[in-house]
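Written out below as structure tokens is the structure these notes cover.
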Amino acid sequence: METLIPTINRLQEVFLTVGAEIIQLPQIVVVGSQSSGKSSVLESLVGRDFLPRGSGIVTRRPLVLQLVNVAPLFHLHCILNFLSAIHSFQGISSEPMYLKIFSPKVLNLTLVDLPGITKVPVGDQPEDIEAQVQEMILSFISNPNSLILAVSPANSDLATSDALKLAREVDPDGRRTLLVVSKLDLMDAGTDALEVLLGRVIPVRLGIIGVVNRSQHDINTKKSLDDSMKDELSFLQRHYPSLASRAGSHYLAKTLSRLLMHHIRDCLPDLKTRVTVLSAQYQARLNSYGQPVEDHSATLLQIVTKFASDYCNTIEGTARHIQTSELCGGARICYIFHETFGRTLQSIDPLGGLTELDILTAIRNATGPRPALFVPEVSFELLVKRQIKRLEEPSLRCVELVHEELQRIIQHCSSFSTQELLRFPKLHDSIVEVVTGLLRKRLPITNEMVHSLIAIELAYINTKHPDFTDAAQVSASVNSQQVINFSLQQATNVSFIALQKTAEVVLCEAVSITFHIQTLTSISLLVAEEKAPPAGFGSPSKGQAINLLDTVSVPASRKLSAREQRDCEVIQRLIKCYFLIVRKSIQDSVPKTVMHFLVNFVKEHLQSELVGQLYKQPLLQELLIESQDTAQQRTEVAQMLEALKKASNIISEIRETHLW
């Protein structure tokens, strides 16, 4: 058991330069208000004056005090250096100072003395001195492996103790808190701290110990600590005889040493595990930073080859780092081809933007000055080309989406697949620039090929395509449909005609009379027309102009004749049939074009392009310059890993038999 505290001291020395916060070593943290008697308590434990004194905050940095019990020997030189370091420092700092004291008069003990809690800034203290001190204290006592030594003066109300308040914040059950009531001799006459020391006012799990500090008069008269401890014992026997054996500085030292040893014993298994886990983590981090570059050529080729391989594997779906949150690489390209592009083409209406009036106008324009006996083929080609042209925009958008995904793969490989690129920012930027340039160079070539696919479909309308329905068949189908519709209409009208026959017999005479009246009226109108001047193509009347174009425009909305309706339906069926053939062809050929001219080309030429652009002797030194952050982090991780290895060796020296 006695070797546990020196073991912790050795561990603190190992982590002196890298910081011991990460492994949370067991320690005793001294907390108290300003001028609560913390310094006097520590000096009584050491048995010597060694701490600076004065008004305001004297302790401005955490002090890690290691007491080592040895044969008669005392390193006074170390204390003098420590004092000069304290007086030369101004301000508040959270970086601790370490002081090791060897003496036959001390017990093995390790304490951390923190600045006293203050409320109002004085002198050169910053305005937020209270917040700074409290933040520093909480950072130390929040360590679950630390014991809290709260110092509170007896001549103030314990309910207002700042030290106990902070201790309760991190240790609400009081399992890690020991209370020291100082200045028992300065209480008002007629009062004592018996109720407090017995734990009846505020209970504390680890106990409450009362001590008597040296007064300022004793310090000025250079009263020795041995004499002060004798006077303390005498005072306790006179005023607190029942607690004299469980109070005083000597009892406090033994209690602290015992508590610390048992606490270290309890924390040691977790400490071993933590050191082992941290060693593995820091070893992995050090491996990720890589070794310093020795052969620039080999390193560059290795990084470039690995990046090209990871890029191609991401497209093929065989990469080591596969995302689960979203589609990436080749899977996303497949989604673009068969979901995004496919759905867009399927949503295009073959007759979208075409009205019956547009079709009728195209038919008339294709016949010229002569009325047509049959539907002209030119009108069909004109209209179907117009519809095929609508497939060009979504096809080009498909190329753009695949190009964007290939750009995203660059960042994916840089972040997940090739950690070495983080070491060399200039090489990373150069690789991104080369790959981006290669993609940018292939984009117009692919777009041009897609333009050509649409142009090929527009260049020749193949009405002999095996899947295309013949125009004669379409016309016959439309005619047969009209005959069927007419037959159905006639069958519907049969009953109505039968009902009308009776009415026709009755009205026969009335019709005959009406016919004679209409004949006389027609004769009178013919006589009147012969007397009137001719109109139309005859000589125009004075002041009147002839407009021959009024009858050329087709009315915006009118009922089509049976033949016009038949011609429009024939053209619509032909356009729809041929458009579906072309859409199916484009839906199949555009992804193949993108894969050949863009994706596969980049996969095949990526590595050669990178080597050709970057593997040049003048660029090797420049490209393989490590970032300052990476070099610094590698150094820090290496130091921490070395400290963890030493700590593991120190802990492994402790045998199980030493713990009991």
Side-chain angles (χ1 to χ4, degrees), residues 1-30 62-70 75 78 95-103 106-113 139-149 170-171 175-176 178 206 253-289 633-660:
M1 286 285 288
E2 291 76 10
T3 62
L4 294 180
I5 295 179
T7 299
I8 296 300
N9 292 344
R10 292 173 60 190
L11 292 177
Q12 287 179 336
E13 293 173 1
V14 167
F15 291 97
L16 180 62
T17 57
V18 295
E21 299 84 3
I22 189 172
I23 62 170
Q24 299 177 343
L25 291 174
Q27 57 191 5
I28 298 177
V29 182
V30 184
L63 169 63
V64 179
L65 180 61
Q66 298 177 354
L67 306 182
V68 183
N69 182 269
V70 293
H75 287 278
C78 295
E95 184 177 353
M97 294 184 296
Y98 291 81
L99 175 64
K100 178 176 286 190
I101 297 178
F102 301 86
S103 173
V106 299
L107 298 176
N108 289 329
L109 194 60
T110 300
L111 301 167
V112 180
D113 184 26
S139 67
F140 277 87
I141 64 177
S142 297
N143 175 9
N145 292 335
S146 65
L147 298 177
I148 304 172
L149 179 61
V170 297
D171 183 32
R175 296 179 182 276
R176 300 188 286 118
L178 173 67
L206 297 184
K254 291 193 298 183
T255 302
L256 291 176
S257 180
R258 176 178 52 82
L259 288 175
L260 183 57
M261 282 190 295
H262 286 82
H263 187 61
I264 293 173
R265 182 194 63 188
D266 297 338
C267 296
L268 198 58
D270 291 337
L271 186 60
K272 286 183 179 180
T273 304
R274 186 170 180 80
V275 169
T276 303
V277 172
L278 287 174
S279 297
Q281 293 177 354
Y282 274 87
Q283 184 64 56
R285 286 183 58 184
L286 184 61
N287 294 338
S288 66
Y289 292 134
Q633 290 174 1
R634 184 197 296 110
T635 302
E636 293 175 354
V637 170
Q639 292 177 352
M640 178 59 74
L641 183 60
E642 185 65 24
L644 288 170
K645 289 180 179 179
K646 292 181 180 179
S648 179
N649 294 333
I650 292 173
I651 295 176
S652 63
E653 295 176 1
I654 303 176
R655 299 291 183 264
E656 295 295 331
T657 55
H658 295 169
L659 302 179
W660 308 97

Going through the distances and angles, do Arg258 and Thr255 end up as a side chain to side chain contact (heavy atoms under 4.5 Å, CB included)? CA-CA 5 Å; Arg258 176 178 52 82; Thr255 302; 3.6 Å; yes
Run Leu260 and Ile5 through side chain to side chain contact (heavy atoms under 4.5 Å, CB included) and show every step you take. CA-CA 7 Å; Leu260 183 57; Ile5 295 179; 3.9 Å; yes
Heavy-atom donor-acceptor pair, Ser146 side chain to Ser142 backbone, under 3.5 Å: no
Do you know the tightest heavy-atom contact between Val64 and Pro96? CG2-CB, 4.0 Å
Closest non-hydrogen atom pair between Ser279 and Leu641, with its separation: O-CD1, 3.5 Å
Test side chain to side chain donor-acceptor pair (under 3.5 Å) applied to Asn145 - qualifying residues, sequence neighbours left out: none
Heavy-atom pair of closest approach, residues Val637 and Tyr282: CG1-O, 3.4 Å
Under 3.5 Å donor-acceptor, Asn108 side chain and Ser257 backbone: no
Any side-chain donor near an acceptor of the partner, Gln283 and Asn287, under 3.5 Å: yes
Would you sort out whether Leu271 and Leu11 count as a side chain to side chain contact (heavy atoms under 4.5 Å, CB included), showing the intermediate values? CA-CA 11 Å; Leu271 186 60; Leu11 292 177; 4.0 Å; yes
Given 3.5 Å as the limit, does a donor-acceptor pair link the side chain of Ser648 with the main chain of Leu644, or not? no
Which heavy atom of Arg176 sits nearest to which heavy atom of Leu206, and what is that distance? C-CD1, 3.6 Å
Distance-minimising heavy-atom pair for Leu67 and Leu107: CB-O, 3.5 Å
Short side-chain to backbone donor-acceptor contact, Arg285 and Gln633, under 3.5 Å: no
From CG (Asp266) to NE2 (His263), nearest 0.5 Å: 7.5 Å
Residue pair Leu178, Leu256: steps toward the side chain to side chain contact (heavy atoms under 4.5 Å, CB included) verdict: CA-CA 9 Å; Leu178 173 67; Leu256 291 176; 3.4 Å; yes
How many angstroms lie between atom CE of Met261 and atom CG of Leu109, to the nearest 0.5 angstrom? 9.5 Å
Roughly how far, to the nearest 0.5 Å, is CG of Leu65 from CD1 of Ile28? 10.5 Å
Rounded distance (nearest 0.5 Å) linking atom CD of Gln27 with atom CD of Gln66: 10.5 Å
Out of curiosity, Thr7 OG1 to Leu25 CG, how far, rounded to the nearest 0.5 Å? 11.5 Å
Could you list the residues that satisfy salt bridge (Lys or Arg N to Asp or Glu O under 4.0 Å) with Arg634, not counting sequence neighbours? Glu626
